[in-house]
Amino acid sequence: MPITPDAPLTECSGVGEERAKKLAKLGLERVSSLLFHYPRDYEDRRQVYTARDAPLGQRVCISATAAEHPRRARIRKGLELVQVKVVDNTGALHLTFFNQGYVDRAIRAGEEYVFYGTVEEQGRRRTMANPIFERVGQGTVTGRIMPVYPLTAGISNHLMASLTRQALPCAAGLPETLPQQIRQGHSLAALEFSIKNIHFPEDEEALSLARRRLTFEELFYLSVGLTRLKSRRAGEEGVPLPSRPMEEFLALLPFAPTGAQRRVMEEVARDLSAPRPMNRLIQGDVGSGKTAVAAFAGWLCAKSGGQAALMAPTEVLAEQHYRSLSALLAPAGVRVGLLTGSLGAAEKKRVRKALAEGEIDFVAGTHALISDGVEFHRLSLMVADEQHRFGVAQRAALAAKGATPGTPPQAGLAAKGGASAAPHVLVMSATPIPRTLALIIYGDLDVSVIDQLPPGRTPVETYVVGEDKRARMYGFVRKQVEAGRQVYIICPAVEDGAGLDGPEGDSPAMDLKAVKSYAENLQINVFPDLRLGILHGKMKPKEKEAAMAAFAKGEIQVLVATTVVEVGVDVPNASLIVIENADRFGLSQLHQLRGRVGRGKHQSYCVLITATRNPDSMARLRTLASTTDGFKISEEDLKLRGPGDFFGSRQHGLPQLKLADLAGDMRLLSEAQEAARELLEDDPDLSKAENRPVLQRVRRLFADTPDIFN
Ligand code: ADP
Ligand code: MG
């Protein structure tokens, strides 16, 4: 009886209850799901070698005839051998099978087989252990391109391939999901062909056609989903804020805005006065002055009787924002507040109450701002700073905050801003993301770019140095301090033998410079006369705050820290940053760290210390030394390390892509986006019958982030 797509996997031969449970871990439950469990790689088993010419040490196919009946030998309890000699007209190969008793029945003297395994030489004998084999001409596991699957414990690749082969006939019955017009317009192979060839490709060309179609499809559904998300938010009712002369705000600033800041403020002002909620990303390199734009948006909002919130990824940063917003906006009558996880219970309660009653106009904070129980009187703007730490799902959670029922509109606000109005959302990122990638990660946002630094900045001079220059580096630190400047020294770890600080943090690494012992040693042996401080992620929030405040005031001259200072910290008097074990950091991260200096009027320096001899690592560090253009650096990072740094660890909250490689498939991505746009223009709600399958697939793709689609 033929196997049906909906049948449970226990219907396949080779699968009992136990294995079915293991397969479920891979998300495989029905026969049809096997078809969409794509290989992660392929083995080319097409070339068949002779026993004498087969290369050693790599897996190859050899076609040969069994010269004898297999011999069984029991070495000891639990170890059984089957040995057999096979020959072709160039020589002999001695095969050994461990604990595979069935082999003595499966191989018959005088018959020809293809064996797939690694040839080794023992003296003058050529041998192969545990080869995969089948009768010549069968061509199911040898003599062709074979899939290599993502696996789980107890499930072998051999089993996966066999199951997929059993499921393959079901591909014929799969309904085509891509509209005919799109398939033709983009020269995409049919679904059945693609499924068959992604698993068991006839040849390279068939594989590439299959991959193209299925990758396109994946990117297409992603694009459809994101576009729908964007247009759905655009259809929501927002809180249009009455416009005000920008000069009123600019008069509060201690500096004149750059042209780029002014342009972005205008874009933001336009968004805020529209009846639909703003959804805007501001990308600007470190030090480009994004905070002023956020302050402007919050000011505008507060002046219309609404509330604004600014969410930062760390407490240090939230507190810094709180200080600078207070200094800037309090004179204009804006009531600024702070809400972080580490506030005392009473203080937290007080701030929450003030937020609920509308007695705070602009609040800075951490994730605590979106935790349950925080209610706003009238939230009309959410700003997320350093947005690469926040994903689509978190943005959705932010936006949902505005939808608190029962908050009456206030005087000064347009009457339309009723109970269900969604707040404006502004996200700010200092990680310049290559445009192509931004299209995906921020597919649901409009983008503004601050592409200009405030005047008078001289680019940070960057040097890559080895251990032999350590003494000189210390001399340089002293010189800076004596000139009245301050210095950061960044170490990758907190304690000796501990892992990296921060979220990436658990890989043990004994040779990493660690903040505590490093600072101790520095104080005792190198700078007994200087004021040193430390800052790392394992300190209590109060201690961190105290250290940061002391550094900001100039009380600490040299701050030894982990990457917790990476994001946004602003001390204009700091003119030197030394980064230990620099090769351990990603380029974009190093660029962020470097952005901690060069924020004032002093010539600033970045010294990257490394003991690495790895030419790739050195090349990366030299890239950083040769440019201060964040976009160029992130393109380079993308090329060298792949999109993992931007796209990894699922922080973005987007569905996982099975096939698409975001660094390599950019062309296809823009094709898919174009197709998605055209389709949605024609059928915005995907309500036409022929587009039903697309809607279903998009829903399934976004199943992990349901808040996006429900
Ligand atoms: P980022 O974009 O990295 O968040 P900030 O907003 O922290 O940058 O600004 C970096 C520094 O530059 C701050 O000290 C800020 O006061 C200053 N700054 C911002 N805009 C200007 C400007 N137009 N002219 C002079 N200094 C500015
Ligand atoms: Mg910032």
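Hydrogens, waters and symmetry mates are skipped; everything else that's a heavy atom, side chains included, is used. Each ligand, and each atom within it, is numbered from 1 in the order the structure gives. Nothing here was measured: the structure is a model prediction, and the numbers come from that model. One-based numbering along the sequence shown.
In this structure, Asp285 and Thr628 approach most closely via the heavy-atom pair OD2-O, 3.6 Å. Listed here is the closest heavy atom pair of Gly598 and Val460: CA-CG2, 4.0 Å.
Of the polar atoms of Ala256, at least one N or O is found under 3.5 Å from an N or O of ligand 1, judged by distance alone.
Set against the non-hydrogen atoms of Ser288, the atoms of ligand 1 under 4.0 Å away are 2 (O), 8 (O). With ligand atoms numbered from 1 in the order given, ligand 1 contributes 23 (N) to contacts under 4.0 Å with heavy atoms of Pro257. With ligand atoms numbered from 1 in the order given, ligand 1 contributes 23 (N) to contacts under 4.0 Å with heavy atoms of Thr258. Those atoms of ligand 1 with a heavy atom of Pro454 less than 4.0 angstrom away are 20 (N), 21 (C), 22 (C), 24 (N), 25 (C), 26 (N), 27 (C). If you number the atoms of ligand 1 from 1 as listed, the ones under 4.0 Å from a heavy atom of Thr291 come out as 4 (O), 5 (P), 6 (O), 7 (O).
Only the side chain of Gln261 comes within 4.0 Å of ligand 1, judged by heavy-atom distances.
For atom 7 (O) of ligand 1, the nearest non-hydrogen atom from the set Arg599, Lys290, Lys601 comes from Arg599. When the heavy-atom distances from atom 9 (O) of ligand 1 to Gly259, Gly289, Pro455 are ranked, the shortest goes to Gly289.
Under the side chain to side chain contact (heavy atoms under 4.5 Å, CB included) criterion, Arg350 pairs with Glu347, not counting sequence neighbours. Every residue two or more places apart in sequence or in another chain that forms a side chain to side chain contact (heavy atoms under 4.5 Å, CB included) with Arg531 is listed here: Gln557.
Using a distance-only test at 3.5 Å, with no hydrogens or angles considered, a donor-acceptor pair links the side chain of Gln523 to the main chain of Leu530.
Of the residues listed (Arg280, His424, Arg276), the one engaging Asp271 in a side chain to side chain donor-acceptor pair (under 3.5 Å) is Arg280, and it is the only one.
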Output, in order, the C-alpha distance, side-chain angles, deciding distance and verdict of side-chain contact (heavy atoms from CB on, under 4.5 Å) for Leu426 and Ile282.
-> CA-CA 7 Å; Leu426 183 65; Ile282 298 179; 3.7 Å; yes
